[in-house]
Amino acid sequence: MNRARPTRAQIKSMHELFRRSPDGSPTYRDFRKRFRLLSLDNVLGGTWHGMFIGIETDGYRHS
């Protein structure tokens, strides 16, 4: 099975969240592990400050 990967825009958006506030993660790698690629429409999803954040393939974030 070929596993989809996050887009560059999603990675950039996730890194912007980390720079804004790491929310207790000691490293960007630890922060990145919170997020998973959801099967529906390749949305990246994870928690940040108690909210579930979805990151679209174009990098747009929403909670």
Side-chain angles (χ1 to χ4, degrees):
M1 182 191 320
N2 190 5
R3 191 162 185 218
R5 294 178 180 252
T7 65
R8 285 181 189 239
Q10 286 173 319
I11 292 169
K12 181 180 176 189
S13 185
M14 188 172 27
H15 193 258
E16 287 172 359
L17 284 177
F18 176 75
R19 283 195 335 249
R20 204 163 135 193
S21 173
D23 191 25
S25 293
T27 65
Y28 172 64
R29 185 175 186 185
D30 288 332
F31 183 81
R32 192 175 64 201
K33 287 180 183 180
R34 294 183 191 181
F35 290 81
R36 298 283 183 253
L37 200 57
L38 306 177
S39 60
L40 196 61
D41 297 325
N42 290 329
V43 173
L44 194 63
T47 58
W48 183 69
H49 286 285
M51 297 178 285
F52 182 82
I53 303 293
I55 305 175
E56 302 289 340
T57 55
D58 62 358
Y60 177 76
R61 295 185 299 255
H62 51 88
S63 58

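Computed from heavy atoms alone, side chains included, the values below leave out hydrogens, waters and symmetry copies. Everything quoted here is computed from the prediction, not taken from an experiment. All residue numbers in this chain count up from 1 along the given sequence.
Remark: Y28 OH to M14 CE distance equals 4.0 Å, nearest 0.5 Å. We find the NZ-CZ distance between K12 and R19 to be 8.5 Å, quoted to the nearest 0.5 Å. With rounding to the nearest 0.5 angstrom, the CG atom of L38 is 7.5 Å from the CG atom of L44. Separation of atoms CG (L17) and CG (D23) is listed at 10.0 Å; rounding is to 0.5 Å. Taking CG of D41 as the start and CD of E56 as the end, the distance is 7.5 Å to the nearest 0.5 Å.
Checking side-chain atoms of R61 against main-chain N and O of S13 turns up a donor-acceptor pair under 3.5 Å. Of the possible polar contacts, none joining the Q10 side chain to the L37 backbone as a donor-acceptor pair under 3.5 Å is found. Looking at W48, its side chain never comes within 3.5 Å of a backbone N or O of R34 through a donor-acceptor pair. A donor-acceptor pair is defined here as one N or O able to donate and one able to accept, closer than 3.5 Å; such a pair exists between the side chain of D58 and the backbone of Y60.
The heavy-atom pair separating G54 from V43 by the smallest distance is CA-CG1, 4.1 Å. Here the closest heavy-atom approach between residue T57 and residue T7 is recorded as O-OG1, 2.8 Å.
A single hydrophobic cluster is seen to contain both M51 and F31, as judged by linkage of ILVMFWY side chains at heavy-atom distances under 4.5 Å, directly or through other members.
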